[in-house]
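Quick notes on the structure that follows.
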Number of protein chains: 2
Amino acid sequence: MFSKRCEYAIKIMTFIAHQQKKSNKKVDVDAISKAIDSPKAFTAKILQDLVKSDLLVSTRGRFGGFSLSAQIDINLKQIIEAIDGHKLLEGCLLGFGACSEKNPCVVHHQLKSAREILKLKLRDTNLEIIAKRVNEKNAYFKE
Amino acid sequence: MFSKRCEYAIKIMTFIAHQQKKSNKKVDVDAISKAIDSPKAFTAKILQDLVKSDLLVSTRGRFGGFSLSAQIDINLKQIIEAIDGHKLLEGCLLGFGACSEKNPCVVHHQLKSAREILKLKLRDTNLEIIAKRVNEKNAYFKE
DNA sequence: TTAAAATAAGACAAAATTGTCCTGATATAA
DNA sequence: TTATATCAGGACAATTTTGTCTTATTTTAA
């Protein structure tokens, strides 16, 4: 469903949110990739994308690192769209360019509601909720 | 959401269902790839997978081709699982091997219901429904 | 029996995604 | 000012997915 980049992005944001809730300090690439068990250089690339999409703020130089741009009020939909664009949630499921409500592909109307609900759930799930789960040890972002 | 192979598989099954409703004749790779606008050799590979999963029956030799194994009572979930396996509908969204109800990743419970609904919708949509849409010109499988 | 038309399957090629490495730029503390 | 620790970004490499080509096998009609 999600690309690998998306998976990492969600883990990255979860970790940063979790850390900030505890200490409010910036987090660096090395700490992130260790915490979420992801390849460091690849993680750095994804972090750049998240900065470009304004979900994170980066600080260069010594004692620099990454922090949430809007503290805890960032949701999964924003993260996914920052990384994979609108393909997953808006694009035609069969890849047609001109597929729409009025000119639908064979699965468009059949799967419309399911997608809507997915979209709602993604929008309703923000980092606050996720960090809370982690904090209460009800869920993990690293196996 | 779906892989390219899955997209083609849905189009393939739709076309064959549509054809069989009209004439009940076998359909060959050449006709299929032209009808759904897909690369022929790649289409042939996907057809092989659909045969191996018993969604299609193939007949070799002259006047051979492909036909539905269970006529029209095949649904989207079966098609997707025949091609991409259980990854999309059952696998962990963050890629964890041990993710489960009792040992959930951070998004597991948040997206559970959305996935359930997607699964239901896929199971509820069979080729009968899809072929009907095509027949009544309310939807297309080729742009 | 032979030619033609079809699927089966393995090897190969191209493209996209994932992942790595190196160098440059920037900020801070000593 | 200099050494160090950090992000930025481009070029490269590996892997996976997508797509192609060629040959073998099967079936049927002539």
Side-chain angles (χ1 to χ4, degrees), chain A residues 1-12 15-16 19 25-69 80 82-85 87-88 91 94-95, chain B residues 1-12 15-16 19 25-69 80 82-85 87-88 91 94-95:
Chain A
M1 175 112 92
F2 302 141
S3 66
K4 219 83 181 87
R5 288 166 59 81
C6 251
E7 290 180 17
Y8 288 141
I10 292 170
K11 293 177 192 177
I12 287 168
F15 175 64
I16 298 177
Q19 284 304 104
K25 265 191 258 175
K26 279 165 276 182
V27 196
D28 66 41
V29 185
D30 201 62
I32 295 169
S33 78
K34 274 172 185 149
I36 71 173
D37 199 20
S38 65
K40 185 171 162 180
F42 194 44
T43 305
K45 298 289 189 199
I46 298 167
L47 282 163
Q48 284 183 38
D49 292 344
L50 292 167
V51 169
K52 272 181 200 130
S53 304
D54 292 318
L55 298 188
L56 290 179
V57 171
S58 72
T59 314
R60 288 176 119 182
R62 210 178 175 186
F63 302 109
F66 297 87
S67 49
L68 300 183
S69 66
I80 286 157
I83 300 298
D84 282 355
K87 214 174 42 189
L88 173 68
L94 296 185
Chain B
M1 175 113 93
F2 302 141
S3 66
K4 220 83 182 86
R5 288 167 59 82
C6 252
E7 290 181 17
Y8 288 141
I10 293 170
K11 294 176 190 177
I12 287 168
F15 174 64
I16 298 177
Q19 284 303 105
K25 264 191 259 175
K26 279 166 275 184
V27 195
D28 67 42
V29 184
D30 202 60
I32 295 169
S33 76
K34 273 172 187 150
I36 71 172
D37 199 21
S38 65
K40 184 171 163 180
F42 194 44
T43 305
K45 297 290 189 195
I46 298 167
L47 283 162
Q48 284 183 37
D49 291 344
L50 292 167
V51 169
K52 273 181 200 132
S53 304
D54 292 318
L55 298 188
L56 290 179
V57 172
S58 73
T59 314
R60 287 176 122 185
R62 210 178 175 185
F63 303 108
F66 297 87
S67 50
L68 299 182
S69 66
I80 286 157
I83 300 298
D84 282 356
K87 215 174 40 186
L88 173 68
L94 297 185

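Worth saying up front: this structure is predicted, and the values here are computed from it rather than measured. So you know, we letter chains A, B, ... as the sequences are listed, proteins then strands, and number each from 1. Side chains included, hydrogens not; waters and symmetry mates left out as well; all remaining heavy atoms used.
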How far apart are the closest heavy atoms of [X] and [Y], and which atoms are they?
| X | Y | result |
| --- | --- | --- |
| L88(B) | F2(B) | CD2-CE2, 3.7 Å |
| I83(B) | R5(B) | CG2-CB, 3.6 Å |
| V29(A) | K40(A) | CG1-O, 3.7 Å |

Rounded to the nearest angstrom, tell me the gap between atom [atom1] in [X] and atom [atom2] in [N].
| X | N | atom1 | atom2 | answer |
| --- | --- | --- | --- | --- |
| L50(B) | dA9(C) | CG | P | 14 Å |
| I12(B) | dG19(D) | CD1 | P | 12 Å |
| D49(B) | dT18(D) | CG | C1' | 13 Å |
| I32(B) | dG19(D) | CD1 | P | 16 Å |

Got a sec, which residues hit side chain to side chain donor-acceptor pair (under 3.5 Å) with [X], two or more places apart in sequence or on another chain?
| X | answer |
| --- | --- |
| K34(A) | D30(A) |
| S33(B) | none |
| K4(A) | E7(A) |
| D84(B) | S3(B) |

Tabulate atom names and distances for all N/O pairs under 3.5 angstrom spanning the protein and nucleotides 12-16 of chain D.
none

What pattern of brackets, bars and dots sums up DNA chain C from 5' to 3', given Watson-Crick or G-U wobble pairs under 3.5 Å, [ ] for crossing pairs and | for another strand? ||||||||||||||||||||||||||||||

Sequence neighbours left out, what passes side-chain contact (heavy atoms from CB on, under 4.5 Å) with A41(A)? Give chain and number order. none

Just by distance, do the side chain of K11(A) and the backbone of D37(A) share a donor-acceptor pair under 3.5 Å?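 Not confirmed, K11(A) side chain does not pair with D37(A) backbone.
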
Can you measure from CD1 (I46(B)) to OH (Y8(B)) and round to the nearest 0.5 angstrom? 7.0 Å

d(I10(B) CD1, L94(A) CG) to nearest 0.5 Å is 5.5 Å

Are any protein N/O atoms closer than 3.5 Å to N/O atoms in nucleotides 18-21 of chain C? If there are, list each pair with its distance.
unit_1	atom_1	unit_2	atom_2	d
dT18(C)	OP1	K4(A)	N	3.0
dG19(C)	OP2	Y8(A)	OH	3.3

Taking distance alone, no hydrogens or angles, what donor-acceptor pairs closer than 3.5 Å link side-chain atoms of residues 50-68 of chain B to residues at least two apart or in another chain?
unit_1	atom_1	unit_2	atom_2	d
S53(B)	OG	D49(B)	O	3.0

Extract from the structure each pairing of a protein N or O with an N or O of nucleotides 6-8 of chain C at less than 3.5 Å, listing the distance.
unit_1	atom_1	unit_2	atom_2	d
dT7(C)	OP1	V29(B)	N	3.1
dT7(C)	O3'	S58(B)	OG	3.3
dA8(C)	OP1	S58(B)	OG	2.7
dA8(C)	O4'	R60(B)	NH2	2.6

